[in-house]
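Report on one structure; see the data block that follows.
Note: hydrogens, waters and symmetry copies are ignored here, and every other heavy atom, side chains too, is used. Along the sequence shown, the residues carry numbers beginning at 1.
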Amino acid sequence: LGVVYGGNRGDSGLGPITIRAGALVVTRFRGEPEDDPCQPSQQWIETWRWDGEFLSEDEAARRAEPRPMHAPRPRCAR
């Protein structure tokens, strides 16, 4: 069917995933070079759609935003 790759750790880890208007909305943690790897300051919001055959990201809909202070914290081993 489809795969959204990611993990539960810092940079590139997955945050909340929801369904809106028939699309999968994925929050992915993104850090800046100066960020602690376990505390990325940014998040990308990705929209994934089913085209009847594959699950594909709508790259034109991707947006970056600061990660809210109340957002789930990625898990990191220290």
Side-chain angles (χ1 to χ4, degrees):
L1 292 174
V3 176
V4 176
Y5 291 100
N8 65 350
R9 301 187 125 182
D11 198 29
S12 293
L14 296 177
I17 298 174
T18 59
I19 297 174
R20 281 189 222 142
L24 194 66
V25 179
V26 176
T27 302
R28 185 179 305 275
F29 302 119
R30 283 288 180 209
E32 297 295 329
E34 64 275 4
D35 288 349
D36 178 319
C38 293
Q39 293 297 315
S41 62
Q42 302 289 312
Q43 62 186 19
W44 282 0
I45 309 299
E46 302 171 350
T47 302
W48 292 74
R49 300 185 191 283
W50 181 254
D51 67 6
E53 190 174 350
F54 298 104
L55 185 63
S56 302
E57 183 187 1
D58 178 354
E59 293 183 22
R62 184 188 301 161
R63 68 185 192 278
E65 56 188 43
R67 190 171 65 83
M69 294 303 293
H70 66 276
R73 294 177 62 170
R75 295 184 196 126
C76 279
R78 293 213 179 237

Q) Does NZ or CZ of Arg28 fall inside the cone over Trp44's six-membered ring, less than 6.0 Å from its centre and within 45° of the axis? A) no
Q: Measure across Asp51 and Glu53 and return the closest heavy-atom pair with its distance rounded to 0.1 Å.
A: OD1-N, 2.8 Å
Q.
How close do Ser41 and Glu32 get, counting heavy atoms only, and between which atoms?
A. OG-CG, 3.7 Å
Q) Are any non-hydrogen side-chain atoms of Leu24 and Ile19 less than 4.5 angstrom apart? A) yes
Q. Is there a side-chain contact between Val26 and Ile45, using heavy atoms and a 4.5 Å cut-off?
A. no
Q. Do you know which two heavy atoms are closest between Arg49 and Asp58, and how far apart they sit?
A. NE-OD2, 3.6 Å
Q: Check Phe29 against Pro40 and note the closest heavy-atom contact, atom names and distance.
A: CB-CG, 3.6 Å
Q. Among the clusters formed by ILVMFWY side chains lying less than 4.5 Å apart, do Ile17 and Trp50 turn up in the same one?
A. yes
Q: Would you please say whether a donor-acceptor pair under 3.5 Å links the side chains of Glu65 and Gln43?
A: yes
**Q.** Polar contact flag, side-chain donor to acceptor under 3.5 angstrom, Glu46-Trp48
**A.** yes
